Amino acid sequence: MTAATPTAIRCIGVEVRYTVRSYRPLLRDLLRGNAPEATTVDALRGVDLEVGVGESVGVVGPNGSGKTTLLQAMTGVLPLAGGELLVRSLPTFLGVKAALRPRSTGRSNIRIGLLAQGLRRDEAEAMVSEVAAFTDLGSAIDRPMETYSSGMRARLHFAIATALTPDILLVDEALAVGDRAFRERSARRLDEHRAAAGTVLLVSHNLAEVRRSCGRTVWLQEGRIVADGPTDEVLRDYEAS
């Protein structure tokens, strides 16, 4: 980003820690009243990052490097153990495991999702058919979502989350599922989002998609940023590591 670009996201020394407890303690420990053993995991270790309005930034790294944790911290879902995290507006998080109502139909989830994004009931109702068509789920749109495959759920959630243009969109592997036609349709929608000056952070193991979508990429390793720069340069070093 340039000095003239307004900031959408700013991370200053961001730290996130998890406490993981063993839930299979020995019987003798339970009888003695001893608590299960706890292990502290440093998921993010002093992350400094600034993302400008309208930027599209890829986030890469091996499993367990802190990519999803970083995105969830940006939404406010995870508390910080240290540092400061500022956002221009509340980000929309789009992940394969994002929560929807499993016993409601796909169509009902669309309606609820649009209302949750601030539309009036009549405005939401007017958009339901358009969003349903984007999912390409056919008659399954009127089945309970708990009957869907992971790919079908991802289609539904992507369609809901991008029906409007959020100021900040955080995408966590949500483009890795679904058939080729849907992935291409999703990529075009992200292009439209960026054209409207939306900010995108894309976590993906699909480096071709990162190259196509992001001019800048951040490489996370063990909770730290080890590289941040032009996508081709960062991915070249990442692939060589």
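All of these numbers come straight from a predicted model, not from anything done at the bench. Quick note: numbers below take in every heavy atom, side chains included, and nothing from hydrogens, waters or symmetry partners.
Proximity of Val203 to Val60: side-chain heavy atoms (C-beta onward) are nowhere separated by under 4.5 Å.
Under the 4.5 Å side-chain contact rule for hydrophobic residues, Ile112 and Tyr148 do not share a cluster. Linking ILVMFWY side-chain heavy atoms closer than 4.5 Å, directly or via other members, places Val218 and Val87 in a single hydrophobic cluster. In the hydrophobic clustering of this structure, Leu86 does not group with Val47; members are Ile, Leu, Val, Met, Phe, Trp, Tyr whose side-chain heavy atoms approach within less than 4.5 Å, directly or through other members.
From Asp136, atom CG reaches atom CG of Leu156 across 12.5 Å, with rounding to the nearest 0.5 Å. Rounded to the nearest 0.5 Å, atoms CD1 (Ile168) and CG (Leu170) are 7.0 Å apart.
Shown here is Glu222, whose CD atom has no more than 12 heavy atoms of other residues, nucleotides or ligands within 6.0 Å.
When all heavy atoms of Leu207 and Ser204 are compared, the pair lying nearest together is CD2-O, 4.4 Å. Scanning both residues, Leu115 and Arg121, for their nearest heavy atoms gives CD2-CA, 3.7 Å. Heavy-atom minimum distance, Gln117 versus Ala161: OE1-O, 4.1 Å.
With hydrogens and angles ignored, the 3.5 Å screen pairs a side-chain donor or acceptor of Glu123 with a backbone N or O of Arg120. In this structure, Ser213 contributes its side chain and Val210 its backbone to no donor-acceptor pair below 3.5 Å. The closest donor-acceptor contact from the side chain of Thr7 to the backbone of Arg10 lies at 3.5 Å or more, if one exists at all. Remark: the backbone N or O of Val234 is not paired with any side-chain donor or acceptor of Thr217 at under 3.5 angstrom. The backbone N or O of Thr19 lies less than 3.5 Å from no partner atom in the side chain of Thr40, so there is not a single donor-acceptor pair. Asn206 places a side-chain N or O within 3.5 Å of a backbone atom of Ala208 that can act as its donor or acceptor partner. When atom types are taken as modelled, the side chain of Glu233 and the backbone of Pro230 share no donor-acceptor pair closer than 3.5 angstrom.
Using a 4.0 Å cut-off between a side-chain N of Lys or Arg and a carboxylate O of Asp or Glu, Glu15 and Arg45 do not qualify as a salt bridge. A salt bridge between Asp172 and Lys67 is absent, with no side-chain N of the basic residue lying under 4.0 Å from a carboxylate O of the acidic one. Using a 4.0 Å cut-off between charged nitrogen and carboxylate oxygen, Arg224 and Asp48 do not count as a salt-bridge pair.
Side chains of His205 and Asn63: a donor on one and an acceptor on the other come within 3.5 Å. Side chains of Tyr18 and Thr39: no donor on one and acceptor on the other come within 3.5 Å. For the 3.5 Å distance criterion, the side chains of Arg189 and Thr162 qualify, holding a donor opposite an acceptor.
Taking the centre and axis of the six-membered ring of Phe158, the NZ or CZ atom of Arg153 falls outside the cone set by 45° and 6.0 Å.
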Quiz prompt | salt bridge (charged side-chain N to carboxylate O under 4.0 Å, His left out) between Asp167 and Arg88, worked out | solution = CA-CA 8 Å; Asp167 291 335; Arg88 189 177 181 90; over 6 Å; no
Exercise. Check the pair Arg211 / Glu239 against salt bridge (charged side-chain N to carboxylate O under 4.0 Å, His left out), numbers first and verdict last.
Key: CA-CA 13 Å; Arg211 282 190 173 92; Glu239 289 176 308; 2.7 Å; yes
